[in-house]
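Each remark here refers to the structure printed beneath this line.
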Amino acid sequence: MQYISLLLLVYPAAYQPGEACAAAGEEEGGTSSSPAAALILCRACGHELADGTDILHNVQSRMALSIRNDTSIGSRRVNVQLFENPHGHQFEVITFRKSDVTLHWPADKHFSWFPGFSWTLATCPRCGTHLGWAFQPSDWPDTVTKNRFEESEHTFLALITHRLLREDFASSLLMIPKSFKS
């Protein structure tokens with residue numbers, strides 16, 4: 001059982017609930033939300049970071065080592081891009097329009113994966129885990145207000161896939177002890 005739990009935590013795509021499970025949830029009075037609207041959580045602490053509808057599909061970089069479509073967010077296809085930093089560490093990221101993260105300015109123009117954009121670190125506001133990077137136009141000042149960043153159509157975030165978790169997947173891992181069942 002521990003092996004299966006570890007497998008599901010490390011490889012969330014290994015678990016795909018069937019249609020019968022979804023239908024059973026609806027019959028029991030549960031609400032069926034759209035896979036695109038799935039909440040995205042910090043894998044380390046469970047903090048709600050974004051909504052599946054906040055994912056951007058049109059932000060692709062020629063600097064990516066590879067780009068693939070994945071069904072990380074339910075049945076919705078998302079672009080997953082693989083990048084390598086100057087130290088040789090590789091990261092698979094998904095781009096988001098907005099996310100509840102803490103941004104650490106000043107932004108840096110060097111070694112940007114998205115030409116024409118400066119980057120800054122993005123961390124979880126609850127546990128401080130490094131979740132990815134926020135990108136803003138390079139011609140902006142190095143430090144901007146959070147409101148300006150969030151309101152602009154020219155900004156986006158690239159969050160590391162293995163540091164994220166879908167809420168519906170996380171809730172499927174919770175087991176109710178037999179003694180609590182009636």
Side-chain angles (χ1 to χ4, degrees), residues 6 8-13 36-61 63-68 70 72-74 76 78-171 173-174:
L6 178 62
L8 291 175
L9 285 173
V10 175
Y11 299 105
L39 285 174
I40 309 301
L41 311 175
C42 171
R43 185 179 287 268
C45 71
H47 180 73
E48 293 180 5
L49 299 169
D51 194 286
T53 58
D54 295 325
I55 294 175
L56 292 174
H57 296 281
N58 59 348
V59 180
Q60 294 184 359
S61 173
M63 307 273 299
L65 300 176
S66 69
I67 300 174
R68 65 181 169 81
D70 196 349
S72 299
I73 311 300
R76 184 174 179 210
V78 298
N79 290 328
V80 178
Q81 300 181 73
L82 176 66
F83 293 103
E84 184 174 276
N85 71 10
H87 300 286
H89 297 103
Q90 293 187 349
F91 300 93
E92 284 192 325
V93 300
I94 298 174
T95 54
F96 286 81
R97 168 70 196 97
K98 62 182 179 177
S99 179
D100 181 23
V101 295
T102 301
L103 303 179
H104 301 273
W105 282 287
D108 192 341
K109 293 174 176 61
H110 300 94
F111 306 111
S112 179
W113 293 328
F114 296 90
F117 289 87
S118 299
W119 59 272
T120 188
L121 289 177
T123 60
C124 177
R126 181 185 292 165
C127 69
T129 297
H130 173 227
L131 296 173
W133 302 266
F135 291 87
Q136 66 189 43
S138 292
D139 58 357
W140 280 21
D142 291 342
T143 303
V144 297
T145 65
K146 185 172 182 170
N147 284 343
R148 180 174 182 198
F149 183 89
E150 291 175 349
E151 292 172 2
S152 174
E153 294 180 10
H154 304 290
T155 60
F156 61 94
L157 297 107
L159 302 182
I160 303 167
T161 57
H162 75 270
R163 298 195 182 156
L164 306 175
L165 187 63
R166 285 191 342 250
E167 181 188 40
D168 59 337
F169 177 74
S171 64
L173 297 176
L174 301 177

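Values in this document were obtained by computation on a predicted structure and should not be read as measured data. For this chain, numbers begin at 1 and follow the sequence in order.
- One distance of note links OG of S112 with CH2 of W119; it measures 9.0 Å at 0.5 Å rounding.
- For the atom pair CD (E48) and SG (C124), the distance works out to 11.0 Å, reported to the nearest 0.5 Å.
- Formation of a donor-acceptor pair under 3.5 Å by the T95 side chain with backbone atoms of L56 is found in this model.
- T143 places no side-chain N or O within donor-acceptor distance of the main-chain N or O of W105, the cut-off being under 3.5 Å.
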Between T53 and D51, does the side-chain hydrogen bond (donor to acceptor under 3.5 Å, both in side chains) criterion hold? Intermediate values first, please.
CA-CA 5 Å; T53 58; D51 194 286; 2.9 Å; yes
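- Here the CZ atom belonging to R166 is positioned 7.5 Å from the CD1 atom belonging to I40, to the nearest 0.5 angstrom.
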ask   = Does the pair V80 and I94 meet the rule for a side-chain contact (heavy atoms from CB on, under 4.5 Å), with working shown?
value = CA-CA 5 Å; V80 178; I94 298 174; 4.1 Å; yes
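- Classified by interplanar angle (parallel below 30°, tilted 30° to 60°, perpendicular above 60°), the ring pair F114/F117 is perpendicular.
- The shortest heavy-atom contact between P125 and D100 is CD-O, 3.3 Å.
- In summary, the aromatic rings of F83 and F111 are positioned with their centroids too far apart to meet the 6.0 Å limit.
- The two atoms that bring T123 and H130 nearest to each other are CG2-CA, 4.0 Å, heavy atoms only.
- Nearest approach of A38 to D168, heavy atoms of both residues: CB-OD1, 4.4 Å.
- At a threshold of 4.5 Å between non-hydrogen side-chain atoms, the residues V78 and H57 count as touching.
- No more than 12 heavy atoms of other residues, nucleotides or ligands sit less than 6.0 Å from atom NE2 of H154.
- Of the inter-residue distances, the one linking L82 atom CG with T161 atom OG1 reads 9.0 Å to the nearest 0.5 angstrom.
- Not one N or O on the side chain of R163 forms a donor-acceptor pair closer than 3.5 Å with the backbone of A44.
- Distance alone, capped at 3.5 Å, is enough to place a donor-acceptor pair between the S99 side chain and the L49 backbone.
- Looking at heavy atoms from C-beta onward, L164 lies in side-chain contact with F96 at the 4.5 angstrom threshold.
- In terms of modelled atom types and a separation under 3.5 Å, the side chain of R126 and the main chain of C45 share a donor-acceptor contact.
- Panel note: side chain W113, backbone E84; a donor-acceptor pair is recorded below 3.5 Å.
- Close placement of the F156 and F135 rings is indicated, their centers lying within 6.0 Å of each other.
- Side-chain N or O atoms of Q60 include none that pairs as donor or acceptor with a backbone N or O of Q81 at under 3.5 Å.
- T120 contributes atom OG1, which lies 11.5 Å from atom CH2 of W133 (distance to the nearest 0.5 angstrom).
- Heavy-atom minimum distance, H162 versus R43: O-NE, 3.0 Å.
- Checked by atom type and distance alone, the side chain of H104 never pairs as donor or acceptor with a backbone atom of P106 at under 3.5 Å.
- Here the closest heavy-atom approach between residue A134 and residue L157 is recorded as CB-CD2, 4.0 Å.
- Within the model, atoms CZ of R97 and CD of E150 stand 8.5 Å from one another, a figure rounded to the nearest 0.5 Å.
- Panel note: side chain T129, backbone L131; no donor-acceptor pair is recorded below 3.5 Å.
- Side-chain atoms of T155 never come within 3.5 Å of backbone atoms of Q136 as a donor-acceptor pair (strictly under, hydrogens ignored).
- Taking every heavy atom of both residues into account, R68 and E92 meet most closely at NH2-OE1, 2.9 Å.
- Salt-bridge formation is detected for the pair K109/D142: a Lys NZ or Arg NE/NH1/NH2 atom is positioned less than 4.0 Å from an Asp or Glu carboxylate oxygen.
- Residues H110 and D108 have side chains that bring a donor and an acceptor to within less than 3.5 angstrom of each other.
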